[in-house]
2 protein chains.
Amino acid sequence: MAAPAELKLREQVVLKLRELILGGELPAGQRVAEIPISEKLGVSRTPVRQALTVLAQEGLLSAAGKRGYVVHAFSAKDIVDAIEVRGILEGAAARLVAEAGPSMELRKALEACIADGEAIAVQDHFGMDDDVRWVEMNGRFHKLIVEASANMALISALALNDKLPFASAEAVLGGGTPSRLIARKHHEVVLRAHAEHQKIVAALCSRQGARAESLMHEHARLAEVNVTLFRSA
Amino acid sequence: MAAPAELKLREQVVLKLRELILGGELPAGQRVAEIPISEKLGVSRTPVRQALTVLAQEGLLSAAGKRGYVVHAFSAKDIVDAIEVRGILEGAAARLVAEAGPSMELRKALEACIADGEAIAVQDHFGMDDDVRWVEMNGRFHKLIVEASANMALISALALNDKLPFASAEAVLGGGTPSRLIARKHHEVVLRAHAEHQKIVAALCSRQGARAESLMHEHARLAEVNVTLFRSA
DNA sequence: AGTCTGATTATTGGATCCAATATTGCATTA
DNA sequence: TAATGCAATATTGGATCCAATAATCAGACT
């Protein structure tokens with residue numbers, strides 16, 4: 001393993017394998033055995049074995065008959081379905097937060113996200129680093145709301161969902177190939193997302209539970225543009 | 001391990017530990033180390049270690065500082081929250097099934113559940129084995145609808161939720177101590193649940209998505225009676 | 001030629017071993 | 001007496017070893 005970080009080896013392997021799977025190496029259907037992986041990563045089979053069971057639990061691997069795993073094949077429908085589920089869950093989170101009334105601290109943090117978003121979205125030039133800045137802010141925005149729901153079951157369900165390909169909030173802009181055309185497309189998506197963020201915060205702060213829920217539910221569907229983009233590529 | 005079934009040892013340990021945790025041995029906060037468990041179950045530390053990571057992922061165990069795990073302490077709120085999430089997800093499943101229109105096969109199976117429920121619920125004497133019969137049928141009923149949603153992300157999210165204490169469909173009647181009073185209480189719950197099942201099937205078959213969703217959502221809340229019952233005991 | 005069967009191989013799952021390290025307890029000192 | 005540092009201990013995490021068994025391949029038989 002390259003990074004001898006503070007993480008347990010098993011965790012590093014999970015991260016690395018997730019990366020390989022979502023990144024497209026290890027294509028869907030690919031058999032994934034312990035020995036090749038452990039050799040490839042330079043660790044023993046023990047942490048690999050544990051990582052495989054974790055990834056299987058997450059749904060990224062599926063059991064291949066009696067022996068071993070294969071990379072799970074996600075259809076376009078699976079991805080859209082996962083996005084729908086994320087919309088349902090984040091919508092529920094938004095409703096809960098709105099009904100309870102967001103704390104002053106939460107409002108501040110959300111407003112900060114909006115301000116950051118404004119700086120990114122409303123400008124003439126929209127480049128690569130704007131992408132990553134927006135993805136960071138967007139992740140922060142969604143995380144704030146989900147955590148504020150203070151519903152552990154909800155948070156866990158979303159954590160599971162985020163492991164699925166294209167379903168996480170960070171995936172609204174897929175990590176695809178950089179190009180002028182993509183950048184233009186991204187800018188459009190970011191502009192719409194930014195507008196929706198503003199409306200969501202407004203709904204949260206005025207304690208409009210149903211509105212916050214439906215706005216957030218619909219907001220999740222922005223991630224769908226990627227799927228078609230990706231599948232048609 | 002007692003049961004040398006066809007399951008991998010690790011799976012058996014997961015099952016056994018889940019049982020111990022949900023059953024109340026291994027009380028919340030209890031430190032759970034590898035060696036005592038492996039000795040208690042008569043297996044090596046290897047499958048135990050794997051089981052612990054699985055249970056930690058499920059949320060039944062939480063990391064205890066730098067070393068090892070403790071049994072996660074669920075508050076009454078956590079349980080009610082988990083039930084709410086189940087309501088949201090099963091509600092969504094019901095809506096999807098209603099909108100797509102249940103297949104003839106599904107209708108048949110659901111009607112069979114209703115018939116079984118009728119035989120159990122509508123009778124003068126309601127005993128122990130009626131309990132277990134009803135729990136079996138109820139699990140089948142819910143599983144049918146969830147699977148029929150054909151949304152893998154939804155199914156996975158519910159599978160995770162079912163691991164949480166009191167949140168699964170099977171837990172509507174807690175596995176508590178048998179008594180005449182409890183039996184009476186159970187009969188009441190079963191009668192209400194049976195009536196709701198009938199309405200849910202009606203909504204599904206007439207493709208009333210919103211109605212099916214809200215009925216199912218509310219139906220999940222039946223499980224809440226247990227929480228208060230349990231917590232006050 | 002196709003298929004069934006037996007032997008070989010590859011791979012998994014569990015047990016054991018070893019090193020790293022967190023934790024605990026005790027003793028010494030301020 | 002309380003705090004701090006050191007040593008002993010316990011426990012974890014990873015590596016390796018071994019047995020069980022599924023997959024594969026070759027050869028023989030129909």
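So that the names make sense, note that chain A is the first sequence line, chain B the second, and so on, each numbered from 1. Remember, it's a predicted structure, so these values are computed and weren't measured experimentally.
Sorted by first and then second residue, the pairs that involve residues 103-117 of chain A and meet side chain to side chain donor-acceptor pair (under 3.5 Å), not counting sequence neighbours, are A/D116-A/R140.
Distance, A/R10 CZ to D/dA15 P: 13 Å, rounded to whole Å. The separation between B/Q12 atom CD and C/dG13 atom C1' is 12 Å, rounded to whole Å. Rounded to whole Å, atom P of C/dT12 lies 19 Å from atom CG of B/L7. Rounded to a whole Å, the OH atom of A/Y69 is 16 Å from the P atom of C/dT11. In this entry the distance linking CZ of B/R31 with P of C/dA22 reads 13 Å, nearest Å. Put simply, CG on B/L9 is 5 Å from P on C/dG14, counting in whole angstrom units. Going from atom CD1 of A/I35 over to atom P of D/dA22 covers 18 Å, rounded to whole Å. Across the protein-nucleic acid pair, B/R67 atom CZ and D/dG14 atom P stand 12 Å apart, rounded to whole Å.
By the side-chain contact (heavy atoms from CB on, under 4.5 Å) test, A/A115 pairs with no residue at all, sequence neighbours left out. Listed by chain and number, the residues in a ring-ring contact (aromatic ring centres under 6.0 Å, His included) with B/F141 are B/H197 (sequence neighbours excluded). Under the ring-ring contact (aromatic ring centres under 6.0 Å, His included) criterion, B/H217 pairs with no residue, sequence neighbours left out.
Put simply, the side chain of B/D81 does not reach to within 4.5 Å of the side chain of A/M152, judged on heavy atoms.
Near DNA chain D, defined here as any heavy-atom distance below 4.0 Å, the residues from residues 44-59 of chain B are B/R45, B/R49, listed numerically.
In terms of position along DNA chain D, the nucleotide closest to B/A33 lies nearer the 5' end than the nucleotide closest to the other residue of the pair A/K66 and B/A33.
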Show every donor-acceptor pair shorter than 3.5 Å between a side-chain atom in residues 49-58 of chain A and any protein atom, with sequence neighbours excluded, or say none if there are none.
from	atom 1	to	atom 2	distance (Å)
A/R49	NH1	A/E34	OE1	3.4
A/T53	OG1	A/Q50	O	2.8
A/E58	OE1	A/R18	NH1	2.7
A/E58	OE2	A/R18	NH1	2.6

